[in-house]
Novice: 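This is the structure I want to talk about, given as structure tokens.
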Amino acid sequence: MELLAVLEERGMVYQKTGTGGLGKFLEDRPRVFYAGFDATAESLHLGHLVPLMTAAHMQRAGHRPLILVGGATALVGDPSFRNTERPLLSQDDVERYAEALRTQMTRFLDFGPGGAVLLNNARWLMDLNYIDFLLHVGRHFSVNRMLTVDSVKARLETGLSFLEFNYMLLQSFDFLHLYRTWNCELQLGGADQWGNIVAGTDLVRRVEGAEVYGITCPLVTTSTGEKMSKSQPGGAVWLDPKLTSPYRYYQFWINSDDRDLGKFLRLYTFLPMDTIRELESDTGAGLRRGKEILALEATAIAHGRKEAEAARDASRALFLGEGGLEGVPSFEVSGDRVGRGMTLVDLFVESGLCPSRGEVRRLAEQGGLYTDGKRVTDPGEPVTLESLAGDGLILRAGKKRHCRAVLAAD
RNA sequence: GGCGAGGUUCCCGAGUGGCUAAAGGGGGCAGACUGUAAAUCUGUUGGCGAACGCCUACGGUGGUUCGAAUCCACCCCUCGCCA
């Protein structure tokens, strides 16, 4: 099956350039393509996953990914559908973020010899000469046309600085530069990148007379309308295990809406379509089987098989009462701390399960606090050494937040 | 640069001297119901404290007042119209 057809079947293609030439282009021979990621945070999150998975499919099909970190463009800020300018980042921040992103991406892409390459556009953008740039790049852009691009039009109402207005030119120049230096012929991006990508393919055609391509991935939303990127219950879901534990990552997937199961299996796992069709054909509670597989596979891709299985086992233990609790995130309490006097309120706050003492009391009043499966009626109850001994005490706040409090080793 | 409108708690948005930790909505959280789903209903939603209470919060800084989100002065920022 053709790569493009595979991507389309999985729902990974939102828009594409060219009129039919793209399919053949991807089959003819291995190509070099690029996908840009702005290094504006220290971790990727769920919103970055689709382009990343798409890139992974493409690499598996023999193409070579260039991962572009926008060290320079992050300073400018992409105006695409955003309503505020971004805070300024220092070069140090960008470099730190870039390294973090690469680490996370190695789970998805092979950065070995001949494989994916990480590039920072600060390399070629920071020292541009303004007049040169205007003469060689700026001349190819029509302001009239730029104003008709959706992402710009959307910002015309709230305002858009000249700085941000230039973003499109810089991103287009990236494409031109990568075409020249790496023979990069395709750019992959999120749906919001369409305008920037098309501007890039146009620029390469005008300057180099070459036909290059662009693909955008859909902006995925859940069935309840939430963007994957932000505002998930309990905060954003990050790929960095320090920010979102593999257990919580697994839990995110298993808690997905019934209606999203098929879509998510296609987008976020490498399972063959036959398997996916079978899993999504279940009904009612039977869909839970598919969700467990979704959660296991998606977690395995992001954190490795071992972590994923531990997360699954912990989930089974907590929710179904089967098996061991090794994978449940644990939290160490020193015996000394207990000795100084510690109540359940302290314990829940210090474990990170609850943000404040008031919150613990509120939860207790509403009947949402548990220790070892028993509802807590008095959060002021002292914590004893015995209760933490051995396997520790399983803390639970609400239906789904768990943590295991254990006594520190020393 | 001129004129006009505005900056309120996570978001939107009411509030024009004390009854205001601040209406209402959204979102979040919890409980019930369930399948760790959806929908629905109920409760809850700044921090510390067992509690009288204390602290922090209405763009910023000063001021008026027994008392200010609310009045005054200056400053910063956003939006609109004009130049």
Novice: Closest approach to the side chain of A:K399, judged atom by atom: which nucleotide of B:G43, B:U36, B:U34 is it?
Specialist: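 Nearest nucleotide to the side chain: B:U34.
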
Novice: What's the NE2-C1' distance between A:H402 and B:U36, to the nearest Å?
Specialist: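 A:H402 atom NE2 is separated from B:U36 atom C1' by 9 Å.
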
Novice: So, is A:R401 near the phosphate of B:A30, with a side-chain N or O under 4.0 Å from OP1 or OP2?
Specialist: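 True: A:R401 side-chain N/O within range (under 4.0 Å) of B:A30 OP1/OP2.
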
Novice: Check every atom of B:A37, B:G49, B:G35 against the side chain of A:R361 and return the nucleotide holding the closest atom.
Specialist: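 Minimum distance to the A:R361 side chain belongs to B:G49.
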
Novice: Report the distance from atom CZ of A:R396 to atom C1' of B:A30, rounded to the nearest whole Å.
Specialist: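 Atom-to-atom, A:R396 to B:A30, this comes out as 11 Å.
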
Novice: Is there side-chain contact between A:L294 and A:S256, with heavy atoms separated by less than 4.5 Å?
Specialist: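 When only atoms from C-beta onward are counted, A:S256 and A:L294 do touch, with a gap below 4.5 Å.
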
Novice: Compare the minimum distances between each of B:U36, B:G35, B:C48 and the side chain of A:L287, then state the nucleotide with the smallest one.
Specialist: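 The nucleotide sitting nearest to the side chain is B:G35.
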
Novice: A:A285 side chain: which of B:A37, B:G35, B:U44 is closest?
Specialist: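 Nearest listed nucleotide: B:G35.
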
Novice: Expressed in angstrom and rounded to an integer, what is the separation of A:D260 atom CG from B:A37 atom C1'?
Specialist: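 Value for this atom pair: 10 Å.
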
Novice: Taking the same atom, P, in B:A51 and in B:G17, what whole-Å distance lies between them?
Specialist: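 Roughly 34 Å separates the two P atoms.
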
Novice: Strictly by Watson-Crick or wobble contacts shorter than 3.5 Å, is anything paired with B:C54, and which nucleotide is it?
Specialist: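 Pair assignment: B:C54 / B:G47.
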
Novice: Pick the P atom in B:G59 and in B:G15, then give their distance to the nearest Å.
Specialist: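 Between the two P atoms, the distance is 15 Å.
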
Novice: For the pair A:D258 and A:K291, evaluate side-chain contact (heavy atoms from CB on, under 4.5 Å) and give the outcome as yes or no after the intermediate values.
Specialist: CA-CA 8 Å; A:D258 284 3; A:K291 286 187 194 174; 2.7 Å; yes

Novice: Within this structure, what is the CD-to-P distance between A:E322 and B:U36, rounded to whole angstrom?
Specialist: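 Going from CD in A:E322 over to P in B:U36 covers 12 Å.
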
Novice: Can you tell me the pairing partner of B:A69 across any strand shown, Watson-Crick or G-U wobble, with both distances under 3.5 angstrom?
Specialist: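 Partner of B:A69: none.
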
Novice: To the nearest angstrom, how far is A:Q251 atom CD from B:G35 atom C1'?
Specialist: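 So the CD-C1' distance, A:Q251 to B:G35, works out to 14 Å.
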
Novice: Should the pair A:R64 and A:F33 be classed as cation-pi, given the thresholds of under 6.0 Å to the six-membered ring centre and 45° from the axis?
Specialist: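 Checked: cation-pi criterion not met.
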
Novice: Does the pair A:R357/A:E350 count as a salt bridge with the N-to-O cut at 4.0 Å?
Specialist: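 A:E350 and A:R357: not salt-bridged.
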
Novice: Taking B:C29 as the reference, what is the distance to B:U78 when you measure between their C1' atoms (whole Å, please)?
Specialist: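 Taking atom C1' in both B:U78 and B:C29, they lie 33 Å apart.
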
Novice: Rounding to the closest angstrom, what is the interatomic distance between B:A73 and B:U64 at atom P?
Specialist: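 So the two P atoms sit 15 Å from each other.
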
Novice: Of all the choices, B:A30, B:G35, B:G49, which nucleotide is nearest to the side chain of A:R357 once you look at every atom?
Specialist: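 It is B:G49.
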
Novice: Over how many whole Å does the gap from A:Y247 atom OH to B:U36 atom P extend?
Specialist: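 Distance check: A:Y247 OH to B:U36 P gives 12 Å.
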
Novice: Assign each of A:G367 and A:K400 to its nearest nucleotide of RNA chain B by heavy atoms, then name whichever residue's nucleotide is nearer the 5' end.
Specialist: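 Nearest nucleotide further toward 5': that of A:G367.
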
Novice: On the 0 to 90° scale, with breaks at 30° and 60°, tag the A:Y268-A:F264 ring pair as parallel, tilted or perpendicular.
Specialist: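 Judged by the thresholds at 30° and 60°, the geometry between A:Y268 and A:F264 is perpendicular.
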
Novice: Between atom CZ in A:R362 and atom C1' in B:A21, what is the gap in whole Å?
Specialist: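 To the nearest whole Å, that distance equals 13 Å.
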
Novice: Provide the Watson-Crick or G-U wobble partner of B:A38, both distances under 3.5 Å; none if there is no partner.
Specialist: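 The answer is none; no pair meets the criterion.
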
Novice: Under a 3.5 Å limit for both distances, which nucleotide forms a Watson-Crick or G-U wobble pair with B:C10, could you say?
Specialist: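 Paired with B:C10, as far as the under-3.5 Å criterion goes, is B:G26.
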
Novice: Both A:V345 and A:R312 contact RNA chain B. Taking the nearest nucleotide for each, which residue is further toward the 5' end?
Specialist: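 Upstream on the strand: A:R312.
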
Novice: Could you tell me which nucleotide pairs with B:C3 by Watson-Crick or G-U wobble geometry, both distances under 3.5 Å, or answer none if nothing does?
Specialist: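 Base partner found: B:G80.
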
Novice: Could you please name the option among B:A37, B:G35, B:C48 that lies closest to any side-chain atom of A:S356?
Specialist: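 Per side-chain heavy atoms of A:S356, the pick is B:C48.
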
Novice: Expressed in angstrom and rounded to an integer, what is the separation of A:R375 atom CZ from B:A30 atom P?
Specialist: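 Result: 13 Å.
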
Novice: Is the shortest side-chain N/O distance from A:R259 to OP1 or OP2 of B:A38 below 4.0 Å?
Specialist: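 For A:R259, the contact criterion (side-chain N or O under 4.0 Å from OP1 or OP2 of B:A38) is not met.
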
Novice: Does NZ or CZ of A:R60 lie under 6.0 Å from the centre of the six-membered ring of A:F270, at an angle within 45° of the ring axis?
Specialist: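 Cation-pi check for A:R60 and A:F270: passes.
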
Novice: The side chain of A:R288 is closest to which nucleotide in this list: B:G31, B:A37, B:U36?
Specialist: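 So the nucleotide nearest the side chain must be B:U36.
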
Novice: What I'd like to find out is whether the side chain of A:R401 reaches to under 4.5 Å of the side chain of A:L363, using heavy atoms alone.
Specialist: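 Yes, side chains in contact.
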
Novice: With the side chain of A:F319 defined as its heavy atoms from C-beta on, choose the nearest nucleotide among B:U36, B:A30, B:A32.
Specialist: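 Of the candidates, B:U36 comes closest.
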
Novice: Rounding to an integer number of angstrom, what distance separates B:U56 and B:G46 when you compare their C1' atoms?
Specialist: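 Those two atoms are separated by 8 Å.
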
